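Position 1 is the first residue of the sequence; numbering continues from there. If you're wondering where the values come from, they're calculated on a predicted model, not measured in any experiment.
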Amino acid sequence: MVSGSNNYVMPGEFEPQSAIWLGWPTFQWFSDPALDTRPSLGTIAKTLSDYEVKTNIMCGTTEGVMDAQHWLTENGFPISSLMNFLAIDQVDIWVRDYGPIFLIDRSSEKRAIAGYRQNQWGYSTPTDPVSERMTKLPRAVFDYLNLDDFLSTEIISEGGDRIQNGQGVVLVDRAVEYGRNPDLSQDDLEAAYKSTLGATKIIWLNSGVREDLHTDWGPIPYPDSSGDTILLYGPQTTGGHLDEFCRFFSPNQILLAQVSEQEAATDPIAAVNYTILADAYRVLSNSTDQDGNPFEIRRIPTPSVQYRLIQPTEAMYSQFLAKLKYSGDAPVFPDGKPVYIVRSSSYANFLVTNGLVIAPKYGDSDKDSEAHQALSEAFPNRDIVQIDPTPINYAGGGIHCITQQQPA
């Protein structure tokens, strides 16, 4: 099932880095300029350059490179010498999930990349042409960098669901990993993580947050401001990636999202998440690190639920939502009528790099400040720069989802 050496490990995201990898957007899901993902990419790239962090921006083709550079320049994002534009087929912006996984051999300083099969977050098959392009991306980056080894596996898995501490501990979500690989056992999956990530200990959490539902499970009933029940659809959501609520900030310390009792009492999505996050806290509290020591768990808030109405003319509607085969007990999709989509927002979906954390803010001054404080305490030697990731959220992910770190 797996080819390659098992002497490698994926360093912690909080360890020194040589570059951040990005994928330039190939299309937009929405016509509203406020939901264009390019300004978010530009802000991230500029912030990284301001902090002297190199960025490798994959743009598909030579023409794509020129288009990206032109757009950035025309929209007030200066191109710096730290921005390296590459004619590598990035497919889309979600390089955390299907892009290169950078590994090191700490004893020899050899470098490697790991790659996994893809099926577009469970919405398609591994043999679909788009899935195959996603699966090929890590190898393309490996060939570009000419590293020492390429580690591959036949399992289907996405980087946003594998949270690791750099010392062999990997957290995964049972619902996501089994959903992608229904015919494999836990032993099969753990063997793949061990061979490709240098994992020595795998901790299984049971579920992701409610608003990161797999869209074809059906919409979430939710009361609007008038008390009427509306249906909220997920915008190409993953089914429960862990980077929406759980992150290591050192080998032994974890940031875990938290819903307050008051929020759970007043919001039905928060109520479900309260139970999900309590279960995650229970599992992590009863787990230990690679040396058998208990984890220190700190908390970070969850944003308030936000949603918006989209029309049948939007690509998210016509090219995604209307084409899905929904589960048997889901309401019939109202094809041709507007629907609501929920924002995939999270304060835990941040990027850690050299001297810097790029983190979300949502215009809620209390929660934004609370999240800033939690990150400042977790990363006392880094600046916390908050940006509004709403366009990325409504496309189905967050800041962490569209970035991938390359270790120093």
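Residues Ile230 and Tyr307 form a side-chain contact, since some pair of their non-hydrogen atoms from C-beta on lies under 4.5 Å apart. Between Trp29 and Leu35 the shortest side-chain heavy-atom distance does not fall below 4.5 Å. Residues Arg96 and Thr403 are in side-chain contact: their nearest non-hydrogen atoms beyond the backbone lie under 4.5 Å apart. Contact annotation: the side chain of Tyr394 never approaches that of Ser344 to less than 4.5 Å [non-hydrogen atoms, C-beta and beyond].
Side chain to side chain, Thr238 and Glu158 fail the donor-acceptor criterion of an N or O pair below 3.5 Å. Under the 3.5 Å distance criterion, with hydrogens and angles disregarded, a donor-acceptor pair is assigned to the side chains of Gln406 and Trp21. Of the N and O atoms on the side chains of Asn273 and Glu211, at least one donor lies less than 3.5 Å from an acceptor on the other residue. Side chains of Glu177 and Ser157: a donor on one and an acceptor on the other come within 3.5 Å. Using modelled atom types, one finds no donor on one side chain facing an acceptor on the other under 3.5 Å when comparing Glu132 with Thr135. Side-chain contact annotation: Asp105 with Asn7, donor-acceptor N/O pair under 3.5 Å absent. With 3.5 Å as the limit, one finds a donor-acceptor pair spanning the side chains of Thr288 and Lys201. For the residue pair Arg174 / Asn206, a side-chain donor-acceptor distance below 3.5 Å is found, with atom types taken as modelled. The closest side-chain donor-acceptor pair between Thr390 and Asn393, if any, does not fall under 3.5 angstrom. Using a 3.5 Å distance cut-off with no hydrogens or angles, the side chains of Trp94 and Gln404 do not pair a donor with an acceptor.
Cys59 approaches Gln90 most closely through the heavy-atom pair C-OE1, 3.4 Å. The two residues Leu375 and Ala359 come nearest to each other via the heavy atoms CD1-CB, 3.4 Å. When all heavy atoms are compared, the tightest approach of Asp267 to Ile269 is OD1-N, 2.9 Å. Nearest heavy atom pair, residue Val141 against residue Met58, reads CG2-SD, 4.0 Å. When all heavy atoms of Ser365 and Ser369 are compared, the closest pair comes out as O-OG, 2.8 Å. Taking each heavy atom of Pro360 and Gln386 in turn, the nearest pair found is O-NE2, 3.1 Å.
Taking the six-membered ring where tryptophan is involved, the planes of Tyr347 and Tyr362 are perpendicular, since the angle between them exceeds 60° and thus also 30°.
Cation-pi contact between Arg162 and Tyr116: present, with separation from the ring centre below 6.0 Å and deviation from the ring axis of at most 45°. For the pair Arg308 and Tyr340, the cation does not sit on the ring face, since its NZ or CZ is not both under 6.0 Å from the ring centre and inside 45° of the axis. A cation-pi geometry, defined here as NZ or CZ lying under 6.0 Å from the six-membered ring centre and within 45° of its normal, holds between Arg247 and Phe350. For the pair Arg111 and Phe102, the cation-pi criterion (under 6.0 Å, within 45° of the ring axis) is not fulfilled.
Note: Asp92 CG to Cys401 SG = 11.5 Å, rounded to the nearest 0.5 Å. Of the inter-residue distances, the one linking Leu351 atom CG with Ile399 atom CD1 reads 8.0 Å to the nearest 0.5 angstrom. Once rounded to the nearest 0.5 Å, the distance linking CG of Leu147 with CG of Leu103 reads 9.5 Å. For the atom pair CG (Leu41) and CD1 (Ile392), the distance works out to 6.5 Å, reported to the nearest 0.5 Å.
By the neighbour-count criterion of 12 heavy atoms within 6.0 Å, atom NZ of Lys46 is sparsely surrounded, having that number or fewer from other residues, nucleotides or ligands. Environment of OH in Tyr281: sparse, with no more than 12 heavy atoms of neighbouring residues, nucleotides or ligands closer than 6.0 Å.
Using modelled atom types, one side-chain atom of Thr26 and one backbone atom of Val91 make a donor-acceptor pair closer than 3.5 Å. Of the possible donor and acceptor atoms, one in the side chain of Asn252 sits under 3.5 Å from a partner among the backbone N and O of Pro294. Counting only distance, with no hydrogens or angles, the side chain of Tyr123 and the backbone of Thr237 share a donor-acceptor pair below 3.5 Å. In this structure a side-chain-to-backbone donor-acceptor pair under 3.5 Å is missing from Glu244 to His241. Listed for the Ser250 side chain is a donor-acceptor partner under 3.5 Å among the backbone atoms of Gln253. For the pair His70 (side chain) and Val65 (backbone), a donor-acceptor distance under 3.5 Å is absent.
Separation of the Phe333 and Tyr317 ring centroids falls under the 6.0 Å cut-off. The six-membered or imidazole ring of Tyr233 lies away from that of Trp217, with a centre-to-centre distance of 6.0 Å or more.
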query = Going through the distances and angles, do Asn354 and Tyr51 end up as a side chain to side chain donor-acceptor pair (under 3.5 Å)?
reply = CA-CA 8 Å; Asn354 304 334; Tyr51 280 80; over 6 Å; no

key: Derivation and outcome, side-chain contact (heavy atoms from CB on, under 4.5 Å), residues Val169 and Ile203   = CA-CA 7 Å; Val169 177; Ile203 298 172; 3.9 Å; yes

inquiry  = If you apply the rule salt bridge (charged side-chain N to carboxylate O under 4.0 Å, His left out), what do you find for Arg106 with Glu15, and how did you get there?
reply    = CA-CA 13 Å; Arg106 296 190 191 274; Glu15 296 185 49; 3.0 Å; yes

ask   = Can Gln120 and Asp128 be said to form a side chain to side chain donor-acceptor pair (under 3.5 Å), step by step?
value = CA-CA 9 Å; Gln120 298 172 64; Asp128 179 275; 2.8 Å; yes

task = Could you walk me through whether Asp224 and Ser226 pass the side chain to side chain donor-acceptor pair (under 3.5 Å) test, one step at a time?
result = CA-CA 5 Å; Asp224 65 10; Ser226 65; 2.8 Å; yes

request  = Quick one: do Gln17 and Thr353 satisfy side chain to side chain donor-acceptor pair (under 3.5 Å)? Show the steps, please.
outcome  = CA-CA 7 Å; Gln17 300 170 8; Thr353 188; 2.7 Å; yes

request  = Starting from the C-alpha separation in whole Å, work towards a yes-or-no answer on side-chain contact (heavy atoms from CB on, under 4.5 Å) for Leu171 and Gln164.
outcome  = CA-CA 6 Å; Leu171 314 181; Gln164 46 69 48; over 6 Å; no

